[in-house]
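Presented below is the structure to which this report refers.
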Amino acid sequence: MLARASQLFLPTLRDAPADAEAVSHKLLVRGGFIRQLSAGVWTFLPLGWRVHQKIVQIIREEMDAIGGQEMLMPVLTPAELWEQTGRSDIPEIFHLEDRTGRRFVLPMTHEETITFHAKEIQSYRQLPQILYHFAVKNRDEPRPRGGLLRVREFIMKDAYSFDRDDEGLDISFRKHAGAYDRIFERCGLEVQPVQAESGMMGGKESIDYLAPSGSGENTLVTCEHGDYAADLEVAHGIPRPPEFPAQLAAPAEIHTPDVTTIDALAAFLGVDTAATSKAMPVVTSDGTVVLGLVRGDDRLEEAKLAAALGSAVRPATVDEIRAAFGADPGSLGPIGFAGPVVADESLREGQFVAGANTTGWHLRGVEAGRDFAPRFADIRESKDGDACPNCGGRLRFQTAIEVGHIFKFGSRYSEPLDATFVDEDGQEKLLIGGSYGIGPGRIMAALVEQRHDENGIVWPAAVAPYHAHIVGLAGGEEIAAGTASELAAYGFDVLLDDRVGRAGEKFADADLLGCPVRVTVGKKSVEDNAVDVRSRAADEDTRIPITDVVTWMEEH
RNA sequence: CGGGGUGUAGCUCAGCCUGGUUAGAGCGCCCGUUUUGGGGGCGGGAGGCCGUCGGUUCGAAUCCGACCACCCCGACCA
C-alpha cells in the first residue's frame, strides 16, 4: 500500500495546541492523527484512523482465536431495556427522544442489548458463547480530558460471554485474560494486569489492565520485587509502624485550643503523626453518618470505605457533623459517637490520640477494643513509603491509563431481562455472563505516552500508520517514487513524501509521525544508486544500495 | 457540580490595565527568486463578526453585565 503525502489529508502542526498537557494529546494533534470537535469528542483523521484500525485488527484476530464471534449492535437503544436493569439512572447515560416522545439511550456498554439477544439461547447445547463487536460508546463524562485519555464518545471492543455455570464463566474469563495479554504484547504496549475495584454493579472477579504513562487517571501500585500490582483504589500497602508514647490505663483529656490539623496536633503534643488518629465522617446513601477512622498520617480511601459499607459515601457537611458529634471538625473521635465506626486495620494495635468530640479537646491513650468498638477494614489510601503486603519490599506508584477491563457479572443482566436456558437436567436456569472491554483509542494514546522522544512518536511496527516513510528530496523524486512502489509491491505500507519542500521540514515531519523506518532519497542517489535508511528509534543513517532496501526492511 | 484560567488570522501569541488612524507579530499558506540533505534567505500577496448578546460612551478588541465555548485542579468515573 502506497500513500503520497502530496495528496494526503495530513495537517501537521509546528506548535502543539496551547491547551494540551498530555504528551499523547500534543503529539497526536501535531502529527495530524486526531482533531478535536468539541470537549471530549474527537475525529480520527486518515493517519490516526490507520493506527486505530491496525490496533482493531490485532484485537479482532486475538478475539477470533479464542472463539469470539464478531457482530454489530446499534448505538440507538430503547430506554425500557435500561430501565429493566436499573441502569438508566446512571448519570453518564445520554438520553434522547424520537419525534413521538419515545425514549432512547446512547449506551455506555452493551450488556442490555447482548442479553436481549441472548434470550434466543434455548439450550445448554448452544453454550458457551463469546460474542463481540467494535462499536461507538457514549458517556456523558462530567470532565473529559487529555485528548484521547478521557472522552465522551469512543470506539470500544466489548465482548460478552454466556455460560451454563460459574465453572464455564471461569473458563471464558481466563480465555479473555489470555487474549488480552497477547493483544497488548502484539501492540507493543507495556501493561500491568491488576485486581480491580469490582464496582457497585454486580462485579465479582475483575481485572483492570493499566498502562504506565506520563498522564492518566489511575495510579498503578507495584512492588519493587515484582510480586504485587494493584490499582491505588484497592492497593493494600503496609504502613510504617508508629512511634507510640507511653501507654495509659485510660484515655486522658487534653485541652488543645485552636489545634485542628494533624500536624498541629502532633507538634502540640510532641508525638508522631502516625500515633494520632484522623476522623473522617461520611454519609451513606441512606443518610447514615458513619465515622471512618484512619491514622493521622494516612488519607481515607473513600472507594474502600464505600466497598466496606456496600454503599456510596460522601463527606459529611459541617452541619451534619455538628449534629452527629456535638463538636466541630478537628476535634472529632470515636468515643462518645453513637453511630457506626469503621476503623482502618492500622488502628487495631496500640494507643492513639483522638478527638474528644468537644471542640478544643482531644484524648490521649485511646485504644480500639478497650475504649470503643469499631468494625475494622482496610480503608486507608496506600502511599509512598508503604511496604509490599507480600514481601515487605518498597511499593512504587505510577500514573497509568486503564486500557482494558474484564469482569464476571454472573446473572446481573440475565435475571432482570429473564434470559434463561434449559440445562441438561431439564431445569430452566439463568445465563451466566462476563463482559470484556478494551479501548483501541486509549491503547493508541498509551503507546504514544510510552514511546516517544523530543521529536515525535516512535510507533511499534505492528501499529504504525506506515512501515516506511520515504523522504524524497529535490533531485531524487523519481528514484524515491520507484523505491516506494517497490516496497509497496513487497507488501509494505509506504508513505512517500513527494511534497514540494525542503529537507528539514520533511525530516521533522518524519520524526513527528514516527514510522519505524525512514528512507531518504536525494540527488546523490542518482549517482551512486544508494539511499539512506534509519530506524526511527536510531539517530544515524546507514547508506545502502537501493537494491538492498527490501532486505533491510525485512530485517528491521 | 465546586475552584482557577482562557477566548484576537489555519497554529502560537502581542495589543486590553490607561477606550480614539486602516487591529499587529512569528510560524503556516499563495506567487516570484535563491544550487534547495535537519523547519534556510530575499521580495511580494491573501487571510479577522477581536467567542455571543446586551450596556456605558461622541467613539469599545479595550470598560461593565449576562451567556456560550474550551482548558486545568477537585468531585465524579457500571
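Backbone-only contact: A/Glu21 has heavy atoms under 4.0 Å from sugar-phosphate atoms and none from a base. Among the atoms of the strands shown, none is found under 4.0 Å from any heavy atom of A/Arg35. Contacts of A/Ala39 with the nucleic acid, taken as non-hydrogen atoms under 4.0 Å apart, involve only primed sugar atoms and P, OP1 or OP2. Across all strands, A/Lys506 comes closer than 4.0 Å to no nucleic acid atom at all (heavy-atom distances). Using a 4.0 Å heavy-atom cutoff across all strands shown, A/Ala16 reaches sugar-phosphate atoms only and no base atom. Contact annotation for A/Leu13: no contact, since no heavy-atom pair falls under 4.0 Å across all strands. Residue-level contact check: A/Pro17 touches the backbone only, with heavy atoms under 4.0 Å from sugar-phosphate atoms and none from bases. Among the atoms of the strands shown, only primed sugar atoms or phosphate atoms (P, OP1, OP2) are found under 4.0 Å from some heavy atom of A/Glu302. A/Arg534 comes within 4.0 angstrom of a base, heavy atoms only.
For B/C70, one of the phosphate oxygens OP1 or OP2 lies less than 4.0 angstrom from a side-chain nitrogen or oxygen of A/Ser38.
For the pair A/Ser6 (side chain) and A/Arg499 (backbone), a donor-acceptor distance under 3.5 Å is absent. In this structure, A/Tyr413 contributes its side chain and A/Gly433 its backbone to no donor-acceptor pair below 3.5 Å.
The base of B/G39 does not come close enough to the side chain of A/Arg502 for any donor and acceptor atom to sit less than 3.5 Å apart. Contact annotation: side chain of A/Arg518 to base of B/G37, donor-acceptor pair absent below 3.5 Å.
Which of B/G38, B/G37, B/C76 sits closest to the side chain of A/Arg150 comes down to B/C76.
Under the 4.0 Å criterion applied to side-chain N and carboxylate O atoms, A/Lys304 and A/Glu381 are not assigned as salt-bridge partners. Ion pairing of A/Asp453 with A/Arg536 is present here, as a side-chain N (NZ or NE/NH1/NH2) and a carboxylate O approach within less than 4.0 Å.
The aromatic ring centroids of A/Trp42 and A/His25 lie less than 6.0 Å from each other.
Base pairing of B/G2: its partner is B/C73, meeting the Watson-Crick or G-U wobble criterion (both donor-acceptor distances under 3.5 Å).
Across B/U35 and B/G40, the matching C1' atoms stand 13 Å from one another, rounded to whole Å. Comparing B/G51 with B/G10, their P atoms sit 13 Å apart, to the nearest whole Å. As rounded to the nearest Å, B/C70 and B/G54 have C1' atoms that lie 23 Å from one another. Taking the P atoms as reference points, B/U36 lies 44 Å from B/C72, given to the whole Å.
If you take CG of A/Asn138 and P of B/C77, they are 19 Å apart, rounded to a whole angstrom.
No more than 12 heavy atoms of other residues, nucleotides or ligands lie within 6.0 Å of NZ in A/Lys523, so this atom counts as exposed by the packing criterion.
Less than 4.0 Å separates RNA chain B from at least one heavy atom of each of the following residues of residues 140-149 of chain A: A/Pro142, A/Arg143, A/Pro144, A/Arg145, A/Gly146.
For the salt bridge (charged side-chain N to carboxylate O under 4.0 Å, His left out) with A/Arg87, the lone residue among A/Glu111, A/Glu80, A/Glu92 that qualifies is A/Glu111.
Annotation: of the two residues near RNA chain B, A/Ser525 and A/Ser435, the 5′-most nearest-nucleotide partner is A/Ser525.
Using bins of under 30°, 30° to 60° and over 60° for the plane-to-plane angle, the ring pair A/Phe407/A/Phe409 lands in the perpendicular bin.
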